[in-house]
Structure formats: structure tokens, C-alpha cells
Amino acid sequence: MSSLAEKLTSIVSVHFRAAGLDESFGTVRMSDRPDLCQFQCNGALAAAKALKRPPREVAQDIADRLKAEPIFAKIDLAGPGFINLDVTDAALADHLAALVADEQLGVADKGAGKTIVLDYGGPNVAKPMHVGHLRAGIIGDSLRRMYLFSGYRTIGDIHMGDWGLQMGQVISECARRHPEWPYFDAIFSGPYPKEPPFTFEALEEIYPTASKACKADPARMELARHATVELQSGRPGYRALWRHIVDVSVEGMKKNFGALNVFFDLWKGESDVHDRIGPMVRDLRAGGWALESEGALVIPVARNDDKKEMPPLMLYKTDGAVMYGTTDLATVAERVERYAPDRILYVVDQRQSLHFEQVFRAARLSRIAPENMDLTHAGFGTMNGTDGKPFKTREGGIMKLEDLIAMGLEKARARIAEAEIGRDMDADEVEDIAHKVAVAAIKFADLHNNRTADYVFDLDRMTRFEGKTGPYLLYQAVRIKSLLRKAAERGFAPSGNFVLHDPDRALAFVLADFPDAFEAGLRHDAPHHLCDYAWRLAQQFSGFYAACPILPEPDESLRASRLALCALTCRTLEKTLDLLGIGVPERM
RNA sequence: GCGCCCGUAGCUCAGUGGAUAGAGCGCUGCCCUCCGGAGGCAGAGGCCGCAGGUUCGAAUCCUGCCGGGCGCGCCA
């Protein structure tokens, strides 16, 4: 199935071809002048340019041919050569019936048979999660849902940072504080304790302290570097302690991402490719790609036609430790081997773009990445505070993700109490609603921005719950659910025979537009197209709802038709929100 | 210095080379005997950073400038 505009496009394209013109000129889209027409085709203008013929003449030619198509109720020419189109109500009603019957709501299975690996989240082990991980998690998770819906096999990988210098910093800090721990006893023969020697909260304090100390004191940094190398080369005590650090951290990550309803298929990290690195580097040397440079081992990736400086990808530092470029490259190899993906998508901060350029080039040069596999860095902008500077707490510290979620929840609870929504509910349901409202507020506020742009994070604004917000969308969806419940109680059934008056038609066109909004989002790896669509649909419905009393409607066929529109709106809105990772409660 | 991203209403942001550039917040008016008012309807508010160019047509494409953010070999 397809959208209504796509259906019209294929019809009009045929007539462009019949007229001896390229069929790509036949693109039809929803009109941006609803006072003039429902759909428009501007292709005659572009075609006329290519042919050096008067545009009005080309448009007239196409319009004459379109008169043979029964789907059109009106075909007009306007301006320099716009073709304005209306469809018959019968055609619109048929399309609506097809949407009702289609589980995909008109979205085509374009990804059928294809595989995509999505790399998002990327929290670092031992470091507290902060607001920076919010965007990576929720944008990546939304894209995963979108690819899945379009038929792809999707593999979402959290790709933790668990193998770098920060591990050595934490380990050496622990060694300084607790030299008596068996992990630091070189002749200890084990077994090491099963229980971690610290809690998640303690770990969150250790890393910042260690990091600060290393920055201030070169000797401490040297110890951290050394510990990193020893960890990577397999010192048993360090590996055992590292395991505890990872396990304790993962627990915290699961809590945070779980609260946000962000899902991962794989909980892998940089360390998972450690065993591949040796052989990979051997091959890279043998192939002539990897070279010694200034005491390090690198892959030069610069090209003669580069306009910018392109540093090489570093495989081994002078101290023998690997870097994240090394593990990223090895991870490409692992993913190719395990999943043979058509595409790997990295949802990582825009500031990493040079790094990914280096990794992608190295992967292409060395043939680690097959030629027909796409590698894309879908970067996102920085989250700033209302002052336009990187987001901080009021005290100027780093806002932990956990605290941010708690603040959103608190606002949601307060708003629910104020509206007396929870009067006849038990505490669990109220808490569930508060949670869904908070998640909707946080996610929608983030996702509705253009992915690549920096954006201002304003907790007060997004939790006000009025206007273009996640909670407003939940409210609209819940209102429809309530209406449908009441209809069912009264024995009113929706009907597949659509009766279309002006408000019904206006809503129908927005419903028919869902696949186009979805395609736009998928094409640009940009969930904000879906946010925009959810908002348009909710607003259109709200206008419809205000203009058309449904349950009191005496005409049974009209009432049944409108109930069917409500049901389809509810499904479409809920699906759109689901693709954004936003769940809708039954009532609120 | 080189490179990337951004500049649209007071603020936060949408905008596929097409017709009259949109939304939310804020501001001004209306609208509950009615299915959930976290709502609806209407209004005011714009040299689309500046200057050129391409085009029948530019917020959109090209060039140059101005402002803001970020990145550029041993962190991730």
C-alpha cells in the first residue's frame, strides 16, 4: 500500500510519460493551498523548463490527459502552470477503508529483506550518565522503531565505552584507595570476590575524582595510562575488577534507559571486539594500510583532493593502548561478519563527525566494509540550557540523567494532582500515568527539533503540558480512547462506509498523509517529521472533535463513519507516538 | 588558519526550487445546557543575518561577507 499522494503520483506520472516527458515530473503532493485544491502537481513547470516550452501549455496537455482518470473530481490549471487536483469522495472513502484494513497504515515494506545495525546510546562505563546520553538514546531508539516498522531487520546496539582510558583511571584510583584489594595483588591466585567492592553510587563518585586528579597530576595520569594498557593486555586482577565496574554500571544504564523506554537488542561494548584487534591489525599491516608514525600505529586516510586536514586513524598509541577508533573499526568488522548489514547507522553527537569520517575511510580502504554497505553518521546537536550554553544544573554542575527524569516525573505528578485526574484511580495507575506523561514530555521536546541543530532544553517549558508538547498529544489520544469506549458501551459500531463532509474530509487527508510523513522521517533519519505529523493529526482531530458531535449524532451512518475516523485517528496517532518511543495510557 | 553545523515572529522551533513563509509559548478578543477545556475559533506580530548570482520562480541552490557554536594526532 502507499499514501494517497503516492497513488496520485503514479497515476499522473503515467500521463507525463505518455506525453513524452520524464515521469519524475508527475510528483503529486498535498496542496499547500487548501482553499484552491486538495492536491497539487508542479511538474509541468519543471518539464517546461527542460523542454523550453511554455509551462501553461505543458500543464494544459497533462490536464487534458488526466480527464480520463475517474479518481479526479476536479482538474484545474492555476498560476504559471500548477495543476490543481481534487479527488472524488468515493476514491477518498475507498482509500480510508484500505487504511483501516492495513496493519501498516499505508506504509510500504521498503526495508523488507534488509538489515540495519543502529549504534546509539554509547554511555561510558564508570561515568555517571548525563543529559548528553538522552539525545543519543531517544533519537536512536526512535530510528530503530522506524526502520523496524518499514520492514528492516534492526539491531540496536548500545555500544558502551568500556575499554578506554577512563577504565584505567578508575582502576588506578581504586588501587590508590584500597591497595589491599586482591585485584591489585600480582601473585593472588584467585578466585576473586563475586560481589562488587563498590556500589553504583560510589562508582559515580570515583570516576570524576580520578579524572580530575589525572588532569591535575601527570604522575597520576601516567598510572592511569599504564593501568589501561595492563587491563587491555589481560592482567587478571584488573580484568576481574573491570568486570565489576561494567556490571555495576550496566545496572545503572538499564535503570536510566528503562525509565525512558529506550530499548537495545545488544548490550555490547568496545571491549567485546578486543580479541579481534590483534588479527585485524596484523591484516592491516600486511595489507599496507597500517603504518608506524611518531611512535604510534596509524592508518593514513587523507586523500589528495581533501579540502581539510585529515588526521590518520590511530590504532595503537605510543604506550600500546588502543583507542576508540581501533575498537570502532573492529566493531564494523564484527557487525559485517555477524549480521551482514546493508547499513550501519551511528547516532552519535555531531562533534564526532571527523572521527567517523576517519573510521569510515579506514573501513572502506581496508575493505573491512563491503562496498555496497552504507555507513552513516547521523549526528545530533548539543543540548543547551536556556542561556544557550551547554546544559547544567542551577548550581553549574552536570545534570545527571537520573535527576532529570526524576524532575520530569515530579512535574507530571504535580500536574496530575492539580487536575484531579487520579481521584478514582489506585496509586499504581496514577504513577504509571505520571511516568508516561513525563517520558512523553521529555522525548517530544527533544525529538521535535531538527536532529542536527543544537537545541535549548527548557524543563519548565516542556513540562507545562500545554501547546505543542508530548502530554498534549497523549491527552488527545486518551480523549479519543474515552470516546470509543463510550461508543462501545452504547453499542455504537464504526462503519467502513465513510460519509464525508468538510470536517471529515480535512481529517481524512491528514490520515492519508501518514506514510509520506513517515517516509520523510526515514529518508533523513529524522524523527522530527513524525513529531510534526503527530501534532498536525492531533490538531486536526481536535478541530474535528469540536465541530462534530459524534455520540449525539442522530444520523446513524454519519455517526458510524465518524466513529471509524476516530478509531483510525487513534490508531494512527498511537502508532506515530510509538515510533517516537512514547507510550499512551488508557486514561489520564 | 582549515573544516563542519547554525542564523526564520519578542522567545522556542518547523519549512521537499513553487502560489499568500507556518506552529507553540507569550499578548488581544470570543467559545462550556454538548462525547474529557491539558481544549477550540479568531486577531496582532516577519528587510527568512547581509550583499551579489543562477532561475519564469529562492527561506531553500551557488559565491562572498557578518554573527554564534563545534572540531582539527596519542580522551571518548
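Every chain is numbered from 1, with letters handed out A, B, ... down the list of sequences. Because only heavy atoms are used, hydrogens play no part in the values below, and waters and symmetry mates are left out as well, while side chains stay in.
Side-chain atoms of A:Leu45 lie closest to B:G18 of the nucleotides B:G18, B:G39, B:A14. Closest contact between the side chain of A:Asn449 and the listed nucleotides B:C13, B:A38, B:G73 involves B:C13. The side chain of A:His448 has B:C13 as its nearest neighbour among B:C75, B:G73, B:C13. Listed nucleotides: B:G57, B:A38, B:C35. Nearest to the side chain of A:Lys49: B:G57. Which of B:G24, B:G39, B:G73 sits closest to the side chain of A:Gln476 comes down to B:G39. Proximity note for A:Met323 (side chain, C-beta onward) versus B:G36, B:C74, B:C56: the nearest is B:C74. Distance from the side chain of A:His529 is smallest to B:G15 among B:G15, B:A19, B:A38. In the set B:A76, B:C72, B:C35, the nucleotide with an atom closest to the side chain of A:Pro311 is B:C72. Side chain of A:Glu270, nearest nucleotide from B:A23, B:G40, B:A76: B:A76. Considering only the side chain of A:Val456, B:U12 comes nearest among B:C35, B:U12, B:C74.
A:Gln539 comes within contact range of the sugar-phosphate backbone alone, with a heavy-atom separation under 4.0 Å but no base atom that close. Within the 4.0 angstrom heavy-atom criterion, only backbone atoms of the sugar-phosphate kind lie near A:His528; the bases stay farther away. Nucleic acid contact class of A:Gly164 (heavy atoms, under 4.0 Å, all strands): sugar-phosphate only. Contacts of A:Arg464 with the nucleic acid, taken as non-hydrogen atoms under 4.0 Å apart, involve only primed sugar atoms and P, OP1 or OP2. The residue A:Ser542 sits close only to the backbone: its heavy atoms come under 4.0 Å of sugar-phosphate atoms, none of a base. Note on A:Tyr545: a base of the nucleic acid sits closer than 4.0 angstrom, heavy atoms only. Among the heavy atoms of the strands, none lies under 4.0 Å from A:Ala321. Among the heavy atoms of the strands lying under 4.0 Å from A:Leu165 are primed sugar atoms or P, OP1, OP2 only; no base atom is included. Using a 4.0 Å heavy-atom cutoff across all strands shown, A:Cys214 reaches no nucleic acid atom at all. If you check every strand for non-hydrogen atoms under 4.0 Å, A:Leu474 touches nothing. Heavy atoms of A:Asn84 sit under 4.0 angstrom from at least one base atom. Nucleic acid contact for A:Tyr472: sugar-phosphate only, since backbone atoms but no base atoms lie under 4.0 Å from a heavy atom of the residue. Among the atoms of the strands shown, none is found under 4.0 Å from any heavy atom of A:Lys127. Contacts of A:Gln40 with the nucleic acid, taken as non-hydrogen atoms under 4.0 Å apart, include base atoms.
The side chain of A:Lys317 contributes an N or O atom lying less than 4.0 Å from OP1 or OP2 of B:C75. Between A:Arg461 and B:C13 there is no side-chain N or O to OP1 or OP2 distance below 4.0 Å. For A:Arg479 and B:G37, the shortest distance from a side-chain N or O to OP1 or OP2 is below 4.0 Å. Between A:Lys486 and B:G36 there is a side-chain polar atom (N or O) within less than 4.0 angstrom of OP1 or OP2.
Residue A:Tyr475 places no side-chain atom within donor-acceptor reach of the base of B:A38, judged by atom type and a 3.5 Å distance cut-off alone. A donor-acceptor contact under 3.5 Å is not formed by the side chain of A:Lys481 with the base of B:G36. The base of B:G24 is not paired with the side chain of A:Thr469 by any donor and acceptor separated by under 3.5 Å.
Comparing the P positions of B:U8 and B:G71 gives an interatomic distance of 23 Å, to the nearest angstrom. Atom C1' of B:C66 sits at a distance of 7 Å from the matching atom of B:G49, rounded to the whole Å. With both ends at atom P, the span from B:C5 to B:C61 equals 11 Å, rounded to whole Å. Nucleotides B:G3 and B:G17 have their P atoms positioned 25 Å apart, rounded to a whole Å. Comparing the same atom, C1', in B:G46 and in B:A14 gives a spacing of 15 Å after rounding to whole Å. Rounded to the nearest Å, the gap between the P atom of B:G67 and that of B:G53 is 24 Å. B:A21 and B:G36 are spaced 35 Å apart, taking the C1' atom of each and rounding to whole Å. Nucleotides B:G52 and B:C47 have their C1' atoms positioned 16 Å apart, rounded to a whole Å.
For the residue pair A:Ser142 and A:Leu580, the shortest heavy atom distance occurs at OG-CA, 3.7 Å. A:Ser249 approaches A:Ala126 most closely through the heavy-atom pair OG-N, 3.0 Å.
A:Asp76 places a side-chain heavy atom less than 4.5 Å from the side chain of A:Lys74. Using a 4.5 Å heavy-atom cutoff, the side chains of A:Phe541 and A:Ile480 are in contact. Here the side chains of A:Leu297 and A:Leu291 are not in contact, with every heavy-atom distance at 4.5 Å or above.
A centroid separation of less than 6.0 Å is found between the aromatic rings of A:Phe509 and A:Phe39. The ring of A:Tyr455 has its center no closer than 6.0 angstrom to the ring center of A:Phe391. Under the 6.0 Å cut-off for aromatic ring centres, A:His355 and A:Tyr324 qualify, their centroids lying closer than that.
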Base-pairing string, 5' to 3', of RNA chain B - Watson-Crick or wobble, under 3.5 Å, | interstrand: (((((((..((((....[...)))).(((((.......))))).....(((((..]....))))))))))))....

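Between A:Lys308 and A:Asp306, no side-chain nitrogen of the basic residue sits less than 4.0 Å from a carboxylate oxygen of the acidic one, so the salt-bridge criterion is not met. The residues A:Arg485 and A:Glu489 are annotated as not salt-bridged, no charged nitrogen and carboxylate oxygen being separated by less than 4.0 angstrom.
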Atom pairs under 3.5 Å, N or O on each side, protein against nucleotides 2-10 of chain B: can you list them with distances?
residue, atom, partner, partner atom, Å
B:C2, O2', A:Lys307, O, 3.3

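The aromatic ring of A:Phe82 sits over the base of B:A19, with ring centres less than 5.5 Å apart and planes inclined by under 30°.
The nearest whole Å value for the distance from the CZ atom in A:Arg29 to the C1' atom in B:G18 is 7 Å. In this structure, A:Asp32 atom CG and B:A59 atom P are separated by 14 Å, rounded to whole Å. Remark: P of B:C13 and NZ of A:Lys468 are 12 Å apart, rounded to the nearest angstrom.
Residue whose closest nucleotide on RNA chain B sits further toward the 5' end, between A:Arg490 and A:Trp535: A:Trp535. Nearest-nucleotide positions on RNA chain B for A:Tyr316 and A:Ile433 put A:Ile433 closer to the 5' end.
With its glycosidic angle more than 90° from 0, B:C30 is assigned anti.
Side-chain N/O atoms of A:Asp458 and A:Thr386 include no donor and acceptor closer than 3.5 Å. Between the side chains of A:Thr382 and A:Asn384, no donor N or O sits under 3.5 Å from an acceptor N or O.
A donor-acceptor pair under 3.5 Å links the side-chain atoms of A:Arg451 to the main chain of A:His524, judged by distance alone.
Sequence neighbours left out, the pairs with a member in residues 529-551 of chain A that pass side chain to side chain donor-acceptor pair (under 3.5 Å) are A:Gln476-A:Ser542, A:Arg479-A:Ser542, A:Asp513-A:Arg536.
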